[in-house]
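Numbered from 1 within each chain, the chains take letters A, B, ... in sequence-line order.
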Number of protein chains: 2
Amino acid sequence: MSRKAPVTAQQVARLAGVSPTTVSFVLNDVRDQGIRPATRQRVLEAAARLGYQPNANARSLASGSTATVALVVPRLDHLYDDHFLAQLLASVNAECHRFGLKLLLESAEHDSATATGFVSLARTRRIDGLIVVNPRQDQLVPLAAVAAAGIPLVLLGQAAAAEAQTGARCVGQDTRIGARLAVSHLIGLGHMAIAYIGFAGRAYVADAEREQGWRDTLTAAGIAPRDDLLEFGALSAISGYQAMQRLLAAGGRPTALFAGNDTIAFGALRALQEAGWAVPQDCAVVGYDDIPLAAFAAPALTTVRTDALAHGRIAMQALAGLLGLSAAPSVTVTATATPSALNADANPVPALVAATLPAPELIVRASCGVRRPAAG
Amino acid sequence: MSRKAPVTAQQVARLAGVSPTTVSFVLNDVRDQGIRPATRQRVLEAAARLGYQPNANARSLASGSTATVALVVPRLDHLYDDHFLAQLLASVNAECHRFGLKLLLESAEHDSATATGFVSLARTRRIDGLIVVNPRQDQLVPLAAVAAAGIPLVLLGQAAAAEAQTGARCVGQDTRIGARLAVSHLIGLGHMAIAYIGFAGRAYVADAEREQGWRDTLTAAGIAPRDDLLEFGALSAISGYQAMQRLLAAGGRPTALFAGNDTIAFGALRALQEAGWAVPQDCAVVGYDDIPLAAFAAPALTTVRTDALAHGRIAMQALAGLLGLSAAPSVTVTATATPSALNADANPVPALVAATLPAPELIVRASCGVRRPAAG
DNA sequence: GTGAAAGCGCTAACAA
DNA sequence: TTGTTAGCGCTTTCAC
């Protein structure tokens, strides 16, 4: 069956015996036009009877806003191993809903530094604003240009420091804090030979920060960070497995490991086990992220929990603020469209993001050598 | 800084000394208009110099197509535990790129049965087509209406049977096949008391099928499926942990477990371990999905691998077929826009999806009681 | 080969 | 309080 010709505002207007303007006013809930309740009612009924749904493109073209935002992630296949990203995605999406916004998903993996997809998304007016997750260093310049062009932009996973550099709103935490939590706990347990396995060879800020946190905390405790206790994996368990094997082969004899993420920790646990090392007796292990399976590792994994959902939520709220949306969308009746996102004026009022990111938290389980508390 | 007034096709036309029409022809690569190479060149240069990016909304309004498709998932927070979904998302996105399409992400969790978001997406012309993942039973009627309205629709995770019922293209496998693989392997190892833990209380087709596969395979082998060896969890590890505890408490004394997914298997392993049961000696365990951590469970998890990436890829190819796009997009120069997706005519040629879904595969590791092959 | 002109369906001044 | 009238920026038919 072929597509039915869609119902237009014209038809609704005709059926209700009013002009298209009135239909537009009623359906967009323009209050200060003082539409008479009876007229309003008539239009609403006509729209409902015809099953009218406004054409989003026509609306966007005329109004200049799309009620759509983009979430740009470095690579979507990180989703396989990066639980933090999965949570981010889910919470950003949920928050979008609350603001009546649609979410366009974009991965930056195919973009060269010159022709970045997010720039084009913004310039083709497909979206009203965007959130960029963990931008690479070489993307900061094009991103600054996007921000300078007045396009609402939030950088997620970038500590506030980047705000001056890029002119974009930044939501993120210095993950050195989490690293400190993990490493100082291990130091407190008496460990001196604490290894670190990074997850991205310093390509991402978060990884570099975590390594720096490891260094700083050791140094502050009067322990020299040893390069023979430093290894790099990727995000995956297998990479952690291999990195741990290299660490063991190098002969540095770590008594504890701080893994850049939980998935890597899983791989490391296996490598240790295969090498005949008992965890935590021969080597304590601490991970990062508190993925759902962390509590189900053998032994259960001590890890640093950061609130990914809060990150996503706050980033989206910041973006909504830049877009000039602050309240939840009013629940509109029947065929009425989602409220259109109004463009912020020049120099939008800086969004007050009341909520702040909760501090990371160390979740102590069996793998670091303390008697295990309740599972989970 | 406020938003710069965007460059329009008019300006490009002026600079190139041609009409807007010609600009449109050149930039859309309209071949049969026989644009003179010199003119073409002039337009291209003007566009590049001005940094022209066509307004996507205007283009969609005029052409009727959006070059955007939606991916509708039941709930996005399933992403925390459902690795299959993560892979689906990544592969659908990657394939979108190849066709020059944008991806709108939509979760169906907020939709009541009456006002389904995907219906409105399609009717507001925000998208050219959509892929719906694991539709619920009560969504099939609205989905059939979408298909009947001529909107390109692919159902993912729905075996071909649903094709007649919904009028939509269905991409999926009967997961009874995978269940059979797992259960018959256990039977082959001599197990008679084989338990099953489902992941969704039969709410989703895939779960019901898996349970049915468990029943059928047992029955075919002359073993009566026992209700005291049947339990239900959710998708998560903790739910698997609890379900396994209930199974143990019920006293059915299973010698093997088939878990509805790997995450549940992780939970079950922990419950068994805490109860003092050795795996695989006292109870063999087989999972489903082959998540990246499956090989790193202790013991390494035997599991059924289905090719999620292929599912996503093929679904997207099917959708592209319905949209009348089949080739990869031509790589267009500089400022040229993405090729617009042409609407399929009435009664589009049924897409020939050459690629078929690979059959599920049993990955044998240590947890089912066979000497463990190489890790990974 | 190229241009003129008529929309696509909606919004929003400005009139009435 | 409502209707008239221009566009928004692009595509596309038809005439030159």
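Here Arg75(A) pairs with Asp77(A) under the salt bridge (charged side-chain N to carboxylate O under 4.0 Å, His left out) rule; sequence neighbours left out.
Atom-to-atom, CZ of Arg125(A) to P of dC10(D) comes out at 11 Å; the value is rounded to the nearest Å. With rounding to whole Å, Phe25(B) atom CZ is found 13 Å from dA5(C) atom C1'. The nearest whole Å value for the distance from the CG atom in Asp29(A) to the P atom in dT11(C) is 13 Å. Rounding to whole angstrom units, CD of residue Gln10(B) and C1' of dC10(D) are separated by 10 Å. Going from atom CG of Asn57(A) over to atom C1' of dT11(D) covers 13 Å, rounded to whole Å. Atom CD in Gln53(B) sits roughly 15 Å away from atom P in dG9(D) (whole-Å rounding). Regarding Arg14(A), its CZ atom lies at a distance of 19 Å from the P atom of dT2(D), rounded to whole Å. Look at CD on Gln11(A): it is 12 Å from P on dC8(C), rounded to the nearest Å.
Between Asn55(B) and dC8(D) there is no side-chain polar atom (N or O) within less than 4.0 angstrom of OP1 or OP2. Phosphate proximity of dG9(C) to Thr8(A): absent, as no side-chain N or O sits under 4.0 Å from OP1 or OP2.
A residue-by-residue look at Thr39(B) and Ala62(B) shows that Thr39(B) has its nearest nucleotide of DNA chain C further toward the 5' end.
Side chain of Glu95(B) to backbone of Val92(B): no donor-acceptor contact under 3.5 angstrom is found. A donor-acceptor pair under 3.5 Å is absent between the side-chain atoms of Asp128(B) and the main chain of Ser65(B), judged by distance alone.
With hydrogens and angles ignored, a donor-acceptor pair under 3.5 angstrom links the side chain of Thr21(A) to the base of dT4(D).
The two residues Ile151(B) and Gly129(B) have their closest heavy-atom pair at CG2-CA, 4.5 Å.
Listed nucleotides: dT2(C), dC10(C), dC8(C). Nearest to the side chain of Leu61(B): dC8(C). In the set dC10(C), dG3(D), dT11(D), the nucleotide with an atom closest to the side chain of Ser24(B) is dT11(D). With distances taken from any side-chain atom of Arg59(B) to the nucleotides dC10(D), dC10(C), dT2(C), the minimum falls on dC10(D). Checking dT4(D), dC10(D), dT11(D) against the side-chain heavy atoms of Ser19(A) singles out dT4(D) as nearest.
Expressed to the nearest 0.5 Å, how far CG of Leu104(A) lies from CG of Leu121(A) amounts to 5.5 Å.
Counting any heavy atom pair closer than 4.0 Å across all strands shown, Val18(A) reaches sugar-phosphate atoms only and no base atom.
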